[in-house]
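I have placed the structure first, in the form of structure tokens, so that the comments after it can refer back to it.
Each chain gets a letter, A, B and so on, in the order its sequence line appears, and its residues count up from 1.
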Amino acid sequence: MELVEESPYRFRIDRHDPMRVPGVVFASESLLPDAGADKSLEQVANVATLPGIVDASYAMPDIHWGYGFPIGGVAATDVEHGGVVSPGGVGFDISCGVRLLAADLDLAGLRPKLGAVMDGLGEATPRGMGKGAVWHLSKGEELDAVLRGGSRYAVERGFGVERDLERCEDYGAVDDANPAQVSERAIERGARQVGSLGSGNHFLEVQAVEEVYDEAVATAFGLRPGQVTVMIHSGSRGLGHQICTDYVRQMEKVMRQYNIHVPDRQLACAPVDSHEGRAYLGAMAAAANYARANRQLLAHAARTVFSRVTGSRLDLVYDISHNLAKIETHGTDGDSRRLCVHRKGATRALPPGHPELPDDLRDAGQPVLIPGSMGTGSYVLTGVAGSPAFASTCHGAGRVQSRKQAVKAERGLDPRRQLEDQDIAVRGASRRGLAEEMPAAYKDVSAVVEAAEGAGLCRKVARLVPIGVVKG
DNA sequence: ATGTGC
């Protein structure tokens, strides 16, 4: 795959048939995927063939191989001009995302109670494969309310406060959820898991603010140096996974009917404005609401522990997805288009002044939450005006080793010990789970954030360091 | 990511 360096942190894959638009990769030379081991640049070019795609098939600096679309990919299609929606452009973990809470407590104050806090969080956080659930739902009306209401419903039921919703993307729920388009099997899996962490790269972390890069914005976000924070990374569990599986299968069957041909079966898609496209978007939105309710419940459990053990409060900084497709309007007044923006392992990053931001964030911009690999740091960023990829930026460090490779690299070593030697408390993680998530399996998150900022996609606000981690 | 593998 030939890359042309257009400017620092920006590489182009020239359009060639059957691409409809060029590919654009935001990265530094050293962050570019290794063409021998990782087919993600080919995936960028494949995505560029999708009907209705506009401008370019974009990739963020944390790009790596994914199902059909690369992880770290952004693609927008024009709804009025045959634009398609593709489940692979969202990913299996629909509305997977990050929630950050800030404590009214400094690290020095937490230290003496850290063991008790971690024990409490370990007990209060359901995690691992298949396990549920902070909240046992009846399959009927109550799950339906979660799928329609997301965090709003969780708050209504007492699992949070009204202010939380102002600090959630979409005020805690997307509007066009259609639970009728969610299969019985997906409902079955979801009913037992709402309020659970999952496994893989999902985690709950106790952190401290290590460095502030922009004091005014950090203050607007409610962050100051030395402060304790809690970061939750989780998604829509088995429900989102099942929805993705269901619709990939369904779209594979009907693509020919719409005269759509793609270079990879995993790019199964249908026009946004078709029966199948609308059905997927309705089900996807339901899974998005499920994921938000899930993070709201996990946050409630963490708040209960912090309040009991330390007497301190946890205020929501923000909750943001990094696996979602959204219908958005982009462009200037005379030339605006309704686009279906797929972000898969990419985060929306609204600039200061954007009308969708709550009043108290209007001047600062939208908080962008970037979890680093386990045991390294995480970042808080904000959006910038005039950014090139439909107001999107990176979502994390990005894998460089497969799970299998990572496990092999840890053979004979003790991953838990390595974390504890760095003064990071660990609760609940399996040996294998930890081995798969070791920092060596990931790119350097600081280099990723540096490249994203250098490419004009976002700005750094603060860096957070891990103190304790709860994993599946 | 995922009751890991139709």
Side-chain angles (χ1 to χ4, degrees), chain A residues 38 40 43 62-73 86-99 126-133 136-137 139 182-204 232-253 265-266 268 283-284 287-288 290-292 294-295 298 320-325 342-347 371 373-374 395-408 429-437 441-442 471-472:
Chain A
D38 175 312
S40 58
Q43 294 187 314
D62 46 341
I63 179 177
H64 59 106
W65 183 89
Y67 180 91
F69 286 58
I71 294 166
S86 174
V90 172
F92 278 85
D93 194 359
I94 296 167
S95 205
C96 178
V98 184
R99 169 175 290 234
R127 56 182 182 270
M129 290 279 290
K131 308 234 177 68
H136 294 272
L137 296 174
K139 264 199 303 175
V182 178
S183 70
E184 189 53 39
R185 199 166 174 193
I187 298 277
E188 197 76 51
R189 291 175 71 172
R192 294 173 283 135
Q193 294 182 318
V194 70
S196 67
L197 199 57
S199 58
N201 64 359
H202 290 165
F203 64 77
L204 181 150
I232 295 167
H233 180 201
S234 187
S236 52
R237 308 287 281 104
L239 180 121
H241 192 277
Q242 188 63 48
I243 289 171
C244 183
T245 304
D246 292 341
Y247 280 93
V248 165
R249 237 173 249 163
Q250 193 185 124
M251 287 183 181
E252 268 179 350
K253 281 189 219 149
R265 281 186 65 172
Q266 297 184 349
M284 181 210 71
Y290 181 96
R292 288 131 193 250
N294 189 30
R295 291 192 290 271
L298 288 164
I320 183 83
S321 299
H322 48 230
N323 282 4
L324 204 62
H342 301 74
R343 295 187 184 87
K344 180 192 195 176
T347 315
S373 58
M374 188 176 59
H395 88 302
R399 270 195 175 276
V400 287
Q401 289 177 347
S402 69
R403 294 181 190 284
K404 209 183 246 178
Q405 287 172 320
V407 170
K408 203 171 168 188
S430 70
R431 194 204 132 81
R432 188 193 166 87
L434 286 182
E436 288 178 350
E437 296 300 319
Y442 283 87
K471 278 192 76 78

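Here B/dT4 presents its C1' atom at 14 Å from CD of A/Gln242, a figure rounded to the nearest Å. Whole-Å rounding puts the A/Ile94 CD1 to B/dT2 P distance at 12 Å. As rounded to whole Å, 18 Å separates atom P of B/dT2 from atom CZ of A/Arg249. Between the CZ atom of A/Phe92 and the P atom of B/dT4 there is a distance of 14 Å, rounded to whole Å. Rounded to an integer number of Å, the gap from A/Arg192 CZ to B/dT2 C1' is 13 Å. A straight line from NE2 of A/His241 to P of B/dT4 spans 9 Å, rounded to a whole angstrom. For the pair A/Arg237 CZ and B/dT2 C1', the computed distance is 8 Å after rounding to whole Å. Here B/dT2 presents its P atom at 8 Å from CD of A/Gln193, a figure rounded to the nearest Å.
By the 4.0 Å N-to-carboxylate-O rule, A/Glu437 lies close enough to A/Arg403 to be salt-bridged with it.
Closest approach of A/Trp65 to A/Ile71, counting heavy atoms only: O-CD1, 3.7 Å. A/Ala397 and A/Asp62 get closest at one heavy-atom pair: O-CB, 3.5 Å.
Residue contacts shown for A/Arg185 include a base, since a base heavy atom lies under 4.0 Å away. Nucleic acid contact class of A/Glu252 (heavy atoms, under 4.0 Å, all strands): none.
Residues that satisfy the salt bridge (Lys or Arg N to Asp or Glu O under 4.0 Å) test with A/Arg343, not counting sequence neighbours, are A/Glu328. For A/Ala268, the side-chain contact (heavy atoms from CB on, under 4.5 Å) partners are A/Val248, A/Met251, A/Glu252, not counting sequence neighbours.
The residue among A/Gly200 and A/Glu436 whose nearest nucleotide of DNA chain B is located toward the 5' end is A/Gly200.
Dashed line: the shortest gap from a side-chain N or O of A/Arg403 to OP1 or OP2 of B/dT4 is not under 4.0 Å. For B/dT2, the OP1/OP2 oxygens have no side-chain nitrogen or oxygen of A/Thr245 closer than 4.0 Å.
Nearest to the side chain of A/Arg432, among B/dT4, B/dC6, B/dT2, sits B/dT4.
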